[in-house]
Amino acid sequence: MINWPLMEDKWRRRWREEKYFESDVSIRKKFFVTVAYPYPNSPQHIGHGRTYTLADVHARFMRMRGYNVLFPMGFHYTGTPILGMARRIQENDKDLIEAFRTLYKVPVQNIKEFSEPVKIADYFHQEIKAGMIEMGFSIDWRREFTTIDPEYNKFIEWQFRKLRSKNLVKQGSHPVGWCPKDQNPVSQHDTLGDVEPNFTEYVLVKFRLENYILATATLRPETIFGVTNLWVNADTVYKKAKVNGEDWILSPECARKLEFLDKKVSLLGEIKGSELAGKKVRVPQTHKEVTIFPASFVKSENGTGIVMSVPAHAPFDYQALEDIKKGINKIDQNLLNAAKSINPISIIETNGYGEVPAKDVIQKFKIQDQNSPYLEEATKELYSKEFYAGRLKDNTGQFAGKMVAEAKEEVKNWILQNKDADVLFELNDAPIRCRCGTECVVKILNDQWFLDYSSKKWKEEAHTWINEMKILPDEIRNEFNYVIDWLRERACARQHGLGTKLPWDKDWIVESLSDSVIYMAYYILAKYVNKKQITAENLNDDFFEYVFLGKGDKNKISHECKVDKELLEIIREEFEYFYPVNARHSGRDLVPNHLTFFVFNHIAIFPKKYWPEEIVVNGSVLMEGAKMSKSMGNIIPLRDAIQTYGADPIRLAILISAELLQDADFNLDAVKGIRNKLEIILEGCSKYKQKETTTVQQEDRWLESRLEQIVCETTLAMEKMRVREALHKILYEIDSDIQWYLKRIEAKNRTDVEGILHDVLSKRVTMLSPFAPHVAEEMWEKLGNDGTASRSSWPVITETKIDPISLQSENLLKSTLEDIKNILKVTKITPTKIILYTADPWKMKAYEKILKNVTKGETKIGVLIKLLIEDKETAFVKNDPDFVKKIVNDILSEPIELRELKEKMFHIDEKKVLTELSSLVQKDLGVNLQVFSESDPQRSDPKNRARSARPFKPAIFIE
RNA sequence: GCGGGAGUUGCCAAGCCUGGUCAAAGGCGCAGGGCUUAGGACCCUGUCUCUUAGGGGUUCGUGGGUUCAAAUCCCACCUCCCGCACCA
């Protein structure tokens with residue numbers, strides 16, 4: 001049993017003291033690996049660990065391959081969630097305080113300070129950093145920064161002026177979910193119950209009632225041709241109001257909504273719904289006259305509180321009309337008569353529906369009246385069917401014959417153009433409440449700033465680079481291309497939160513996904529900022545232009561910024577040395593946003609030689625098969641886990657459970673299993689010391705060959721970041737080879753194997769080091785090697801060490817032993833004697849010929865037999881046609897590589913090789929083994945088995 | 001709806017691109033044995049099914065097809081998961 005935290009701490013101290021991970025400019029080739037920095041609003045949990053561990057493995061691997069690796073880390077303070085948390089602390093939110101105390105284990109005195117947002121960020125910043133150190137991440141901490149450092153602010157200001165000068169920043173209007181009390185946009189974590197404030201665009205169709213406009217909200221403007229009447233709620237007290245100079249009648253709720261949608265609204269008076277009933281209005285465009293009727297399904301809080309009625313296609317309208325005809329509403333006789341004369345006007349035809357589709361669905365859902373809960377569902381079904389499959393009929397003027405999906409937008413624009421319509425945004429899951437309790441609305445922000453990701457030229461460049469750069473795994477490349485296509489203008493500033501003020505409009509703060517696109521360049525500068533050689537006062541746009549783009553006169557800039565000319569030059573050189581980013585790691589959730597922006601903005605700001613070289617994307621982590629979430633209570637804080645299990649077992653458990661893009665399942669059984677495995681390997685390292693092996697034997701060559709193959713495969717896997725596969729080979733695949741080897745040498749009573757085993761274990765530890773860096777050091781020390789595992793070199797592949805003969809020979813031994821055991825298992829006999837018979841030379845010849853033909857693709861038995869009979873040497877097959885079939889099957893059931901091997905290196909002396917088996921058989925089964933060749937006259941062959949011998953498949957006799 | 005991904009033997013999960021190493025790696029679980037005072041840990045063996053000679057049968061979401069040969073290629077269908085925006 002080892003004390004993991006203690007052992008790990010020992011090695012981390014050594015790495016830190018000897019500055020293992022601090023990288024500066026050198027003559028060596030560099031490798032710059034970065035990860036998306038964390039947002040410090042909670043401690044790290046196991047899930048966060050995956051991306052960072054992957055990046056660390058990458059960094060360590062490249063370091064061992066001789067690269068000067070830079071792996072830095074920053075902290076992303078920018079954003080609103082921390083602000084929201086601080087506000088909740090100010091309001092003494094019991095739940096949050098409790099969560100901090102018990103879930104996150106924050107000391108009480110710290111929580112008190114959390115009413116100040118920065119204190120929250122600072123606290124979790126340190127917490128996360130401590131976790132990263134404890135995980136053994138090989139980070140150069142001299143380059144740490146936060147995104148609210150004044151120097152970083154200057155960097156962002158430069159970036160934004162730069163983008164604006166390239167015409168990529170624009171201003172415009174933009175609807176957002178909004179809290180009227182906080183005067184702030186709301187997102188999911190600002191609302192009660194964490195509801196995402198989605199909204200839908202409705203079309204307001206204006207009906208004329210004398211001098212007034214009755215606005216109705218609809219999702220289906222194309223149905224204007226089928227309007228037969230309007231609906232109002234008789235009990236609602238409607239408002240008369242001036243809306244942008246026009247006199248409207250609408251519900252009070254709607255009047256309020258319109259104010260936020262940038263309309264000038266002043267109230268003029270009121271009118272009850274019942275008073276509106278019976279009045280006639282004019283349909284825009286068609287100028288038809290229709291009557292207003294009362295209906296209870298109309299809710300004043302939805303839309304405008306007035307509904308245009310299209311009974312042929314809207315189940316609600318159809319049912320309400322039926323209800324009214326039945327005389328359910330208490331309305332006067334004239335109105336009732338008017339209603340009775342109304343017939344649905346069908347304007348859309350859709351396969352599977354009749355003249356009045358609304359009637360069809362109402363019957364299908366067995367709806368009785370307009371208060372039926374199934375009406376929503378019926379509406380949804382009909383709407384989606386008609387939208388995708390419906391076609392407008394002849395009674396729709398210039399739109400006749402068009403598909404609904406296409407006509408909808410055209411009709412909307414047509415009525416908008418004639419000022420007979422307007423647009424209303426409505427929250428989908430209303431009412432949505434802000435955490436402060438206020439009901440949210442949709443607001444149009446008029447002076448919103450955007451990054452213009454809709455720019456065609458910019459998109460094209462992004463596509464080109466995405467297709468050119470390395471993306472791991474490659475499957476995700478298409479997703480990037482798709483994202484680039486649908487990306488539009490993106491709001492890049494908001495009015496609250498931590499961050500950098502927009503340089504030309506100080507009312508705005510650069511939004512968090514927009515201030516984190518090219519910050520990898522800032523890591524170069526951060527080192528000098530932390531050394532206090534550069535402060536915010538030294539930084540202006542000229543400085544950045546010079547350091548990052550090499551523009552301007554360094555003497556002038558040095559003077560202007562009060563920065564020593566040499567220092568300026570050093571920083572510039574360091575940037576030129578480390579840039580571009582060679583690999584950027586992130587979770588796949590950042591593909592549709594950050595990672596794509598990262599590519600976009602590099603293209604906009606930097607010359608091509610500084611564009612990122614590679615993106616590595618990984619899936620998320622599940623906890624015992626379930627999604628991690630606060631509400632499930634299945635979040636394990638990373639630091640707790642490290643204390644309990646050690647960092648290395650956790651690192652491996654996260655990485656070994658799934659390939660890159662798959663969700664990895666983290667479970668405690670796996671962690672324990674891996675910890676045991678590591679402890680066993682560690683124990684094994686004390687057994688062997690470095691030593692020359694004097695007489696190299698067959699199994700030694702075999703083990704070396706196998707090791708070489710595994711190194712080769714592992715290296716290939718690492719280059720593609722297939723860490724699961726690599727780990728698998730290092731942890732388990734080597735084991736089975738070592739086991740076979742040990743079995744062999746034990747049977748032969750060999751003792752001179754220390755040197756070779758030491759070599760195998762050393763290489764294994766080297767390869768394990770990027771994954772489990774702490775315990776690898778411990779192993780390295782136990783093996784008695786010089787230096788440390790972290791500083792050892794990744795094994796170099798020497799293909800010439802792969803010896804085909806030994807590989808084949810051991811294969812023969814293994815498969816023969818397996819066959820013997822198989823026979824014993826089936827026959828259940830206790831053996832007293834085992835005899836093997838190897839195939840005659842002509843069979844080898846035949847085998848060789850068949851193999852050649854199979855490689856060429858000829859597997860037809862008849863053809864092969866003919867070929868063999870033609871040759872005198874192999875003409876014996878005549879006597880046993882079945883032989884050919886068996887050989888073909890033997891060959892086909894082997895891996896291609898092995899076939900190639902056999903073709904190249906054909907002859908092994910089977911008899912000689914199989915003699916080696918006698919020691920194994922003696923040891924395993926305690927019986928004697930004899931080997932004869934098939935036609936050896938001395939052979940003992942009581943059951944006449946010898947003749948069934950095949951190459952690589954000796955005949956066996958057991959009794 | 002659009003876009004992406006997945007469905008494998010008790011569970012997790014490789015394999016699929018490049019068809020024959022596939023009854024299908026590995027881990028976990030389970031069973032038997034060893035070790036141990038006991039438990040844990042560890043080691044060995046087994047883990048679709050039939051089989052007294054190294055073999056056969058039926059499997060990789062469902063149904064077709066291509067091929068000497070399909071988990072793997074093609075077509076259709078079913079089911080599940082994720083993203084769709086100003087949010088880190």
Side-chain angles (χ1 to χ4, degrees), chain A residues 1 36 38-39 41 76 78-82 174 176-177 185-190 196-198 384 387-388 405 445 448 450-451 453 474-476 478-479 481-483 485-494 511-514 516 588-594 619-620 622 624-625 627 653 656-659 661-665 667 669-670 672-674 676-677 679-680 683 722 724-725 727-729 731-733 736 739 815-816 818-829 854 857-861 888-889 891-899 943 945 948 953-958:
Chain A
M1 271 292 165
Y39 183 67
N41 72 334
H76 198 197
T78 314
T80 52
I82 287 177
H174 180 63
V176 292
V186 283
S187 57
Q188 191 170 353
H189 39 248
D190 299 318
E196 176 70 29
N198 285 319
S384 92
F387 183 80
Y388 294 105
L445 293 179
Q448 177 65 260
F450 295 92
L451 280 174
Y453 290 129
D474 202 59
E475 297 100 278
I476 203 111
N478 280 340
E479 215 165 306
N481 277 317
Y482 178 73
V483 171
D485 281 331
W486 71 242
L487 220 52
R488 314 192 294 254
E489 295 86 357
R490 182 192 163 83
C492 63
R494 33 170 53 229
E511 175 273 332
S512 60
L513 283 183
S514 306
S516 56
R588 69 179 309 175
D589 50 329
L590 298 189
V591 170
N593 42 67
H594 166 74
S620 60
L622 302 176
E624 306 277 352
K627 217 173 158 174
I656 206 168
S657 88
E659 276 307 343
L661 211 52
Q662 297 292 323
D663 287 346
D665 185 42
N667 62 78
D669 284 340
K672 285 181 205 158
I674 287 186
N676 286 332
K677 180 84 196 165
E679 289 180 4
I680 293 160
E683 217 173 293
R722 295 178 59 97
R724 180 198 145 95
E725 187 182 325
L727 213 36
H728 211 269
K729 290 182 187 297
L731 241 33
Y732 304 109
E733 213 170 301
S736 56
Q739 258 162 40
S815 63
T816 308
E818 219 161 274
D819 281 347
I820 292 172
K821 288 197 171 159
N822 230 330
I823 294 167
L824 291 177
K825 186 185 150 200
V826 175
T827 58
K828 297 189 182 85
I829 49 178
V854 170
E858 183 54 75
T859 51
K860 290 202 184 72
I861 309 296
V888 170
N889 281 336
I891 292 171
L892 285 179
S893 65
E894 274 171 357
I896 309 277
E897 298 90 77
L898 198 63
R899 291 185 217 168
K943 281 268 172 78
R945 301 246 183 237
S948 60
K953 191 104 179 148
I956 300 168
F957 169 74
I958 302 176

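Bear in mind the structure is a predicted one, so any value in this text is a computation, not a measurement. Lettering follows sequence order; numbering is per chain, from 1.
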Can you tell me the base-pairing partner of B/rA69? Count Watson-Crick or G-U wobble geometry only, both distances below 3.5 Å, and say none if there is no partner.
none
Under 3.5 Å, N/O pairs linking protein and nucleotides 22-26 of chain B:
from, atom 1, to, atom 2, distance (Å)
B/rA25, N1, A/Arg724, NH2, 2.8
B/rG26, O4', A/His728, NE2, 3.3
B/rG26, O2', A/His728, NE2, 2.9

Closest heavy-atom contact between A/Thr816 and A/Ile956?
O-CD1, 4.5 Å
Given B/rA88, B/rG54, B/rG4, identify the nucleotide with an atom nearest to the side chain of A/Tyr39.
B/rA88
Separation of A/Ile674 atom CD1 from B/rC12 atom P, in whole Å?
18 Å
Sugar-phosphate only, base, or nothing, as touched by A/Glu489 at under 4.0 Å among non-hydrogen atoms
base
For the pair A/Ser657 (side chain) and A/Asp665 (backbone), establish whether a donor and an acceptor sit closer than 3.5 Å, ignoring hydrogens and angles.
yes
If you compare all heavy atoms of A/Leu590 against all heavy atoms of A/Ala36, which two are closest, and at what distance to 0.1 Å?
CD1-CB, 3.8 Å
Just call it for A/Pro954: base, sugar-phosphate, or nothing, with non-hydrogen atoms closer than 4.0 Å on any strand.
base
Map A/Ala955 and A/Leu661 onto RNA chain B by nearest heavy atom, then report which one ends up closer to the 5' terminus.
A/Leu661
Just by modelled atom types, is the A/Gln662 backbone N or O under 3.5 Å from a matching donor or acceptor in the A/Glu659 side chain?
no
Compare the minimum distances between each of B/rG54, B/rC86, B/rA85 and the side chain of A/Asp819, then state the nucleotide with the smallest one.
B/rG54
Could you give the distance separating B/rC28 and B/rA23 at their P atoms, to the nearest angstrom?
25 Å
If I take atom CZ from residue A/Phe450 and atom CZ from residue A/Arg490, how far apart are they, to the nearest 0.5 angstrom?
10.5 Å
Nearest listed nucleotide, side chain of A/Ile823, among B/rA53, B/rG83, B/rA88
B/rA53
Checking all strands, does A/Phe957 fall into the base, sugar-phosphate, or nothing category for heavy-atom contacts under 4.0 angstrom?
base
Please give, in whole Å, the distance from B/rC17 P to A/Asp474 CG?
16 Å
For A/Ser657, which contact category applies under a 4.0 Å heavy-atom criterion: base, sugar-phosphate, or nothing?
sugar-phosphate
If you assign each of A/Ser512 and A/Glu659 to its closest nucleotide in RNA chain B, which residue comes earlier from the 5' end?
A/Glu659
Base, sugar-phosphate, or nothing: which does A/Glu725 touch, judged by heavy atoms less than 4.0 Å apart?
nothing
Could a donor-acceptor pair under 3.5 angstrom be found where the side chain of A/Asn593 meets the base of B/rA88?
yes
A/Glu479 and A/Arg588 have their tightest heavy-atom pair at OE1-NH2, 3.6 Å
Going by heavy atoms in the side chains, are A/Ser514 and A/Leu451 under 4.5 Å from each other?
yes
For A/Asp589 and B/rC81, give me the distance from atom CG to atom P, rounded to whole Å.
19 Å
Between B/rU72 and B/rU8, how far apart are the C1' atoms? Round to whole Å, please.
12 Å
Using whole Å, what does the distance between atom P of nucleotide B/rG39 and atom NZ of A/Lys672 come to?
18 Å
Select one nucleotide: of B/rC12, B/rA88, B/rC42, the one nearest the side-chain heavy atoms of A/Ile680.
B/rC42
Is any N or O donor-acceptor pair between the side chain of A/Asn822 and the base of B/rG54 shorter than 3.5 Å?
no
Winner on side-chain proximity to A/Asn676, out of B/rC86, B/rA88, B/rC42, is B/rC42
State the pairing partner of B/rA88; accept Watson-Crick or G-U wobble contacts with both distances under 3.5 Å, and report none otherwise.
none
For nucleotides B/rC60 and B/rU51, find the distance between their C1' atoms and express it as a whole number of Å.
25 Å
Reckon A/Gln739 has a side-chain N or O less than 4.0 Å from the OP1 or OP2 of B/rC44?
yes
For B/rG40, which nucleotide in any strand shown is its Watson-Crick or wobble partner with both distances under 3.5 Å?
none
Look at all strands and tell whether A/Ser516 reaches a base, only sugar-phosphate, or nothing, counting heavy atoms closer than 4.0 Å.
nothing
Could you tell me the separation between the CD1 atom of A/Ile958 and the C1' atom of B/rU52, rounded to a whole number of Å?
12 Å
Checking contacts here: which listed nucleotide (B/rG4, B/rG54, B/rA85) is nearest the side-chain heavy atoms of A/Leu487?
B/rA85
What is the distance, to the nearest angstrom, from the CD atom on A/Glu679 to the P atom on B/rC43?
12 Å
Could you identify the nucleotide paired to B/rA76, looking across every strand shown and requiring Watson-Crick or G-U wobble geometry with both distances under 3.5 Å?
B/rU62
Rounded to whole Å, how long is the line connecting atom CD1 of A/Ile820 with atom C1' of B/rU45?
18 Å
Complement of B/rC2, any strand, by Watson-Crick or G-U distances under 3.5 angstrom:
B/rG83
Distance between the C1' atoms of B/rG40 and B/rC35, in whole angstroms?
13 Å
When all nucleic acid strands are considered with a 4.0 Å heavy-atom cut-off, which category describes A/Gln448: base, sugar-phosphate, or nothing?
nothing
I need the minimum non-hydrogen distance between A/Arg722 and A/Glu725, along with the two atoms involved.
NE-OE1, 2.6 Å
What integer number of Å spans the C1' atoms of B/rA14 and B/rA53?
34 Å
Please report the closest heavy-atom contact between A/Pro81 and A/Asn41, naming both atoms and the distance.
CB-ND2, 4.2 Å
Among B/rG54, B/rG15, B/rA88, which nucleotide has an atom closest to any side-chain atom of A/Arg722?
B/rG15
Mind checking who B/rG54 pairs with, Watson-Crick or G-U wobble, both distances under 3.5 Å?
none
Complement of B/rA31, any strand, by Watson-Crick or G-U distances under 3.5 angstrom:
B/rU45
Pick the P atom in B/rA25 and in B/rA71, then give their distance to the nearest Å.
15 Å
CG of A/Asn478 versus P of B/rC82: gap in Å, rounded?
21 Å
The side chain of A/Leu513 is closest to which nucleotide in this list: B/rA88, B/rC12, B/rG54?
B/rA88
Using the P atom as the point on both nucleotides, what is the distance between B/rA85 and B/rC30, in whole Å?
46 Å
With both distances under 3.5 Å as the test, what is the Watson-Crick or G-U wobble partner of B/rG19?
none
Expressed in whole Å, how much space separates the P atoms belonging to B/rU49 and B/rC11?
14 Å
To the closest 0.5 Å, what do you measure between NZ (A/Lys953) and OG (A/Ser948)?
10.5 Å
Minimum-distance pair of heavy atoms, taken over all atoms of A/Ile82 and A/Tyr39
N-OH, 3.0 Å
Approximate separation, where rounding is to 0.5 Å, of A/Ile823 CD1 and A/Ile958 CD1
4.5 Å
